[in-house]
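Inspection log for the structure reproduced underneath, given as structure tokens.
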Amino acid sequence: MAHLSADTPAAAPKKKGLLGIGFTSWILISMIVGILIGWLAPDFAPNLKPFANIFLRMIKSLIVPLLFSTLVVGIAGHGDDMKKVGKLALRSIIYFEVVTTLALAIGLVAVNIAKPGVGLSISAAGDAEEFKALAAKTPTFGSVLEHTVPQSFFEAAAQNEVLQIVFFAIIFAVALARVEGPSKKFMLDWLQSLSDIMFKFVGIVMAYAPIGIGAAIGVTVGKSGLDVMINLAKLVGTLYVSLIIFVLLVLLPIAMLAKLDLKRFWKLVKEPWLIAFSTASSEAAFPQAMQAMEKFGVPRRIVSFVLPTGYSFNLDGSTLYLAIASVFVAQAAGIDMPIGTQLLMMLTLMLTSKGVAAVPRASLVILSGALAQFGLPLEGIAIILGVDAIMDMARTSVNLLGNCLATAVMARWEGVLETPKDGADAVVPA
């Protein structure tokens, strides 16, 4: 298997870029420029949307070949010990369930203390027909299981159904591990070459990232204005404070218990975190996150399994948001919801939010279904939509941070996390 170092295709981009300015600095500069354009020229800002969409389209185009090649090589390349894959899957699911439950609990406590919906009225929220349609799409447990299995690999690839790609890749890898002779070597070598090429592809796309990110920020500010943070500021503030508390009281202790190098972890994760925050897209940060965790010392077989699986089952920021948003609607409608009913709603959200990350407007789909099930007015979502873009940035970045941490913790739990000496980058087996 290939090894990851500063010179391999999977290495992160060099710190110094155009004009000697680092990649992170260019992202920050582009965000500031985007905010200024959206604020000073709101009528012009919508013209930037194609530049943002180009970046997101390029990212989406590389996810399937990158994910499929790295996951298959990671599993089939260690085909002599398939039990490790099953053990890793079980540990990952247990971890995801515990952490997302804690996220729901923090969100529920925060919304009951802050009461951001009290004093608001949803009577002028507008037509709820669109949200009724969203509620009708809410998946059942059975449909989530069925949705996990692709009926066509190419259909799943075209729609970027990450969970289905992971399922197909695992079955393909197990089958490949059972093959002997030149066929296995040929396929492993081909997929390894594809993986190497796709990481070079990532480097090219990331060179465009500051333009796409600046454009995305500009469009958001131009549409909503700077006062978007003032309108419904209590709801936005409740979410942001809750996410910070979740990071400090849940993610940080987990990292400390796993004895991770926190300074180095953040140094490597901050770039994909910034991408996730500024674009409100976990997909946009996926390639950089994979590179960051491999560089941190996590073997590629673990990165390529835990990270994409977490994108469907470990949405810490999104589950916390759902807890706050659902009770917020009840408060805004003047409905007194007993704590027992709130806990039942949290259980519903915990189950229905699994495996739907690839559904467009997934959080709104899940929220609409929960509101309909518990007799809450769907019009409340129209109020939330006014500031949803700002909240989406926060919850998406925490989703990304939580999944990167989960990847490192699983590597530590498996006893395969490489710790570099003297601050050097880790060299880990693919």
Side-chain angles (χ1 to χ4, degrees), residues 35 38 100 102-128 130-131 134-135 217 220-221 223-250 276-278 280 315-337 339 341-343 345-346 348-350 353 361-372 374-399:
I35 290 171
T100 52
L102 291 173
L104 281 171
I106 290 176
L108 189 61
V109 170
V111 74
N112 279 284
I113 293 176
K115 299 185 184 301
V118 174
L120 292 176
S121 174
I122 64 171
S123 58
D127 188 4
E130 177 185 2
F131 308 121
L134 285 174
I217 290 288
T220 300
V221 175
K223 180 180 180 180
S224 304
L226 289 178
D227 60 354
V228 70
M229 292 301 291
I230 299 174
N231 183 31
L232 295 180
K234 198 170 183 180
L235 173 61
V236 176
T238 300
L239 177 66
Y240 272 68
V241 171
S242 300
L243 290 173
I244 292 172
I245 292 174
F246 172 75
V247 171
L248 294 179
L249 296 187
V250 178
F277 181 84
S278 56
L315 304 174
D316 303 332
S318 293
T319 50
L320 193 152
Y321 158 81
L322 287 170
I324 292 176
S326 56
V327 179
F328 166 82
V329 173
Q331 294 173 349
I335 298 174
D336 182 19
M337 181 177 286
I339 189 65
T341 306
Q342 291 186 28
L343 290 175
M345 181 182 283
M346 295 308 104
T348 301
L349 290 171
M350 183 178 67
S353 63
R361 302 170 73 184
S363 294
L364 291 181
V365 172
I366 299 305
L367 180 59
S368 299
L371 295 181
F374 286 87
L376 298 175
L378 294 173
E379 290 88 349
I381 299 178
I383 294 178
I384 295 175
L385 279 176
V387 290
D388 188 66
I390 301 297
M391 294 191 291
D392 195 14
M393 295 164 70
R395 65 181 183 249
T396 300
S397 62
V398 172
N399 288 343

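Just so it is clear, the model here is predicted, and its values are computed rather than measured.
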Item checked: Separation between CG of Leu315 and CG of Asn399, rounded to the nearest 0.5 Å -> 5.0 Å

Notebook entry, point to check: Is there a side-chain contact between Arg395 and Thr319 (heavy atoms, below 4.5 Å)?
Noted result: no

Notebook entry, point to check: Quick one: side-chain contact (heavy atoms from CB on, under 4.5 Å) partners of Ala105, sequence neighbours excluded?
Noted result: none

Margin query: Which heavy atom of Tyr240 sits nearest to which heavy atom of Ala394, and what is that distance?
Written below: CZ-CB, 3.5 Å

Next item on the list: May I ask you to decide if Asp392's main-chain N or O and Thr396's side chain share a donor-acceptor pair within less than 3.5 Å?
Entry: yes

Note to self: For Tyr321 versus Met391, what's the shortest heavy-atom pair and its separation?
What the structure shows: CE1-CE, 3.7 Å

Checklist line | Counterpart residues, side-chain contact (heavy atoms from CB on, under 4.5 Å), relative to Ile244 (two or more places apart) | finding: Leu248

Notebook entry, point to check: Looking at side-chain heavy atoms only, is the closest gap between Val109 and Ile113 below 4.5 Å?
Noted result: yes

Check: Do you know the tightest heavy-atom contact between Asp316 and Ala103?
Finding: O-CB, 3.6 Å

Checklist line | Met337 side chain near Met345 side chain, heavy-atom distance below 4.5 Å | finding: yes

Next item on the list: Output all residues satisfying side-chain contact (heavy atoms from CB on, under 4.5 Å) with Leu108, sequence neighbours left out; order by chain, then residue number.
Entry: Asn112, Val327, Ile339, Gln342, Leu343, Met346

Note to self: Tell me if a side-chain donor or acceptor on Lys115 pairs with a main-chain N or O of Gln331 at a distance below 3.5 Å.
What the structure shows: no

Item checked: Ser397: side chain to side chain donor-acceptor pair (under 3.5 Å) partners, not counting sequence neighbours -> none

Checklist line | Taking every non-hydrogen atom, the tightest pair across Ala114 and Thr238 | finding: CB-OG1, 3.5 Å

Check: Are Ile324 and Leu235 close enough that some pair of their side-chain heavy atoms sits under 4.5 Å apart?
Finding: yes

Note to self: Applying side chain to side chain contact (heavy atoms under 4.5 Å, CB included) to Leu239 and Leu243, what does each step give before you reach the verdict?
What the structure shows: CA-CA 6 Å; Leu239 177 66; Leu243 290 173; 3.9 Å; yes

Note to self: List the residues meeting ring pair (Phe, Tyr, Trp, His ring centres under 6.0 Å) with Phe246, not counting sequence neighbours, and say none if there are none.
What the structure shows: none

Next item on the list: Indicate yes or no: at least one non-hydrogen side-chain atom of Leu320 is less than 4.5 angstrom from one of Val398.
Entry: no

Next item on the list: Any chance you could measure Leu102, atom CG, to Leu249, atom CG, to the nearest 0.5 Å?
Entry: 10.0 Å

